[in-house]
There are 2 protein chains.
Amino acid sequence: MAKPSAESASPRKPGRPKAPPGPDNGRTRIVRSAARLFREKGFRAATVRELAEAAGMQSGSLFYFFRNKEEILVAVMEEGMADVHAAVAAAQASGGPVAAFRLMAQRHLEGILDRDADHMTVMLYETRALPSAAERHVRQLRRDYEAMWEAQIDALIAVGCWRGAESPRLSRMALMGAMNWAVQWFRPDRGDTIEALVDTLAQLFLKESE
Amino acid sequence: MAKPSAESASPRKPGRPKAPPGPDNGRTRIVRSAARLFREKGFRAATVRELAEAAGMQSGSLFYFFRNKEEILVAVMEEGMADVHAAVAAAQASGGPVAAFRLMAQRHLEGILDRDADHMTVMLYETRALPSAAERHVRQLRRDYEAMWEAQIDALIAVGCWRGAESPRLSRMALMGAMNWAVQWFRPDRGDTIEALVDTLAQLFLKESE
DNA sequence: CCTACCGATCGGTAGG
DNA sequence: CCTACCGATCGGTAGG
């Protein structure tokens with residue numbers, strides 16, 4: 001689970017500064033259902049009334065937990081990014097460069113394609129809707145995350161297993177695109193599996209050491 | 001240029017059914033400036049008043065040319081898709097499988113990354129905003145477009161030059177993602193060039209014939 | 001957290 | 001194409 005950030009975790013009424021933890025407090029419910037609605041309809045198209053209903057409360061009550069709609073979006077993105085970051089970091093520490101890379105890709109794809117994997121998808125596709133201060137913050141989270149991939153690709157280049165070694169940045173972004181675009185076409189009910197996609201990515205981006 | 005579709009080309013007043021062609025009639029101005037605004041802010045965030053102002057007319061006048069806001073979105077997508085489809089089809093007919101593939105990728109990337117290449121980007125990233133009837137129509141345009149790529153990849157497999165031959169669909173979607181995601185990171189002012197990206201894609205997806 | 005409510009803005013229309 | 005306008009809905013607030 002994501003740890004709440006300093007900016008968006010505390011309600012604005014001093015009378016009740018700490019939300020009781022646990023998966024069923026109001027804030028958690030709002031963020032979870034907002035993630036789904038933002039992914040399905042987009043940030044602008046999802047109304048505060050829909051968010052409130054999906055979270056099982058009145059629309060005015062949202063603003064007991066969040067200052068405004070954008071702050072909910074930031075919370076969704078922070079949680080998505082933190083979860084995927086943690087999963088991919090663990091994968092990176094798991095084995096040799098090639099095996100770790102495959103597991104990192106697996107974890108990243110799970111983070112955007114699994115059921116209830118809405119948060120990270122919103123992170124990837126709704127950046128435009130962020131106010132500029134929040135956008136800088138979120139961009140930094142993204143850079144931190146991509147730095148992991150950059151380091152992993154450097155390690156693969158060092159052992160001669162990265163096919164895009166001539167242009168590390170372009171090939172890294174090609175990989176990100178190949179993964180993130182799956183949100184648009186991946187259909188488990190048509191037989192797509194994350195494992196097969198990882199295999200394909202490995203064939204394209206990895207090579208035997210020379 | 002895109003040819004207007006039957007559904008969205010004719011204004012609703014019988015008194016003036018045919019718009020005079022040319023790049024400066026009202027309809028063309030609306031579509032062009034809407035493409036830019038939809039790309040920058042998203043369909044929902046761009047208001048009809050902004051669209052009208054960018055096209056140099058009053059907000060009510062938009063509805064002399066289009067029945068509603070969604071119809072403007074469809075027109076933007078149709079034009080983007082038609083332009084890129086034509087450019088890529090011409091590239092496909094241009095040479096051997098490998099050379100044609102490289103030119104197709106070049107044309108596709110130009111269609112989403114060049115200045116004023118807003119239409120196709122809107123096509124790629126705003127599908128959610130379409131009413132369901134229009135969505136079916138647009139999805140069909142996309143399928144027709146992707147069929148070209150499918151055929152080209154089949155040709156590359158036949159000559160043994162496609163690295164993802166074991167899973168043509170997955171590798172094709174990986175390619176689409178690697179290209180379309182460039183919208184998110186490509187910055188010509190930081191030295192990114194389409195040519196370098198095409199080279200990288202070729203290294204990843206093509207191989208020497210066996 | 002709920003009730004009750006508000007000002008602003010939205011997409012769209014009538015009539016010319 | 002413009003002028004003038006409307007009903008609906010939006011995000012958000014006050015007070016408890």
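What you see below is based on every heavy atom in this structure, not just the backbone, and it leaves out hydrogens, waters and symmetry mates.
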Query - Rounded distance (Å) that lies between atom C1' of C:dC1 and atom CG of A:Asn25 - result: 13 Å

Requested in this report: Dump the intermediate steps for side chain to side chain contact (heavy atoms under 4.5 Å, CB included) on A:Ile194 and A:Gln106, then the final yes or no.
Outcome: CA-CA 7 Å; A:Ile194 290 179; A:Gln106 172 96 17; 3.9 Å; yes

Query - Presence of donor-acceptor pair under 3.5 Å, side chain of A:Arg49 and base of D:dG11 - result: yes

Query - Given DNA chain D, 5'-ward residue of the pair B:Ser59 and B:Arg29, judged by closest heavy atom - result: B:Arg29

**Report entry** Atom CZ of B:Arg190 with >12 non-hydrogen neighbours under 6.0 angstrom
**Finding:** no

Requested in this report: Select base, sugar-phosphate, or nothing to describe what A:Ala46 touches, counting heavy atoms under 4.0 Å on all strands.
Outcome: sugar-phosphate

Query raised in the report: Of all the choices, C:dC1, D:dG12, D:dC10, which nucleotide is nearest to the side chain of A:Tyr64 once you look at every atom?
Result: C:dC1

Report summary line: With the side chain defined as heavy atoms from C-beta on, B:Glu70 is closest, among D:dG11, C:dG12, C:dC1, to C:dG12

Query raised in the report: Rounding to a whole Å, what distance do you find between B:Asn68:CG and C:dG12:P?
Result: 5 Å

Query raised in the report: For B:Ser61, which contact category applies under a 4.0 Å heavy-atom criterion: base, sugar-phosphate, or nothing?
Result: base

Report task. Please state whether the rings of B:His108 and B:Tyr145 are parallel, tilted or perpendicular, taking 30° and 60° as the class boundaries. Result -> parallel

Requested in this report: Tell me whether the OP1 or OP2 atom of C:dT9 has a side-chain N or O from B:Arg44 closer than 4.0 Å.
Outcome: no

Query - Nucleotide C:dT9, atom C1' - distance to CD of B:Glu50 in whole Å - result: 11 Å

Requested in this report: Write down the distance between CD (B:Gln58) and P (C:dG12), rounded to a whole number of angstrom.
Outcome: 17 Å

Report summary line: Whichever of A:Gly60 and A:Ala45 has the more 5' nearest nucleotide on DNA chain D, that residue is A:Ala45

Report task. Select one nucleotide: of D:dG11, C:dC1, C:dT3, the one nearest the side-chain heavy atoms of A:Val48. Result -> D:dG11

Report summary line: Any strand, both distances under 3.5 Å, Watson-Crick or G-U wobble: D:dG16 pairs with C:dC1

Requested in this report: Report the C-alpha separation of B:Trp181 and B:Phe186 in whole Å, then their side-chain angles, then the decisive distance to 0.1 Å, and conclude whether the ring pair (Phe, Tyr, Trp, His ring centres under 6.0 Å) test is met.
Outcome: CA-CA 9 Å; B:Trp181 193 250; B:Phe186 190 86; over 10 Å; no

Query raised in the report: In whole Å, what is the span from the NZ atom of A:Lys69 to the P atom of C:dA8?
Result: 20 Å

Query - Under 3.5 Å on both distances, the Watson-Crick or G-U partner of C:dC10 - result: D:dG7

**Report entry** Side-chain donor-acceptor pair present, A:Asn25, A:Thr28, cut-off under 3.5 Å
**Finding:** yes

Query raised in the report: A:Phe63 side chain: which of D:dT13, C:dG11, C:dC2 is closest?
Result: D:dT13

Query raised in the report: For A:Leu62 and C:dA4, what is the distance between atoms CG and P respectively, to the nearest whole Å?
Result: 18 Å

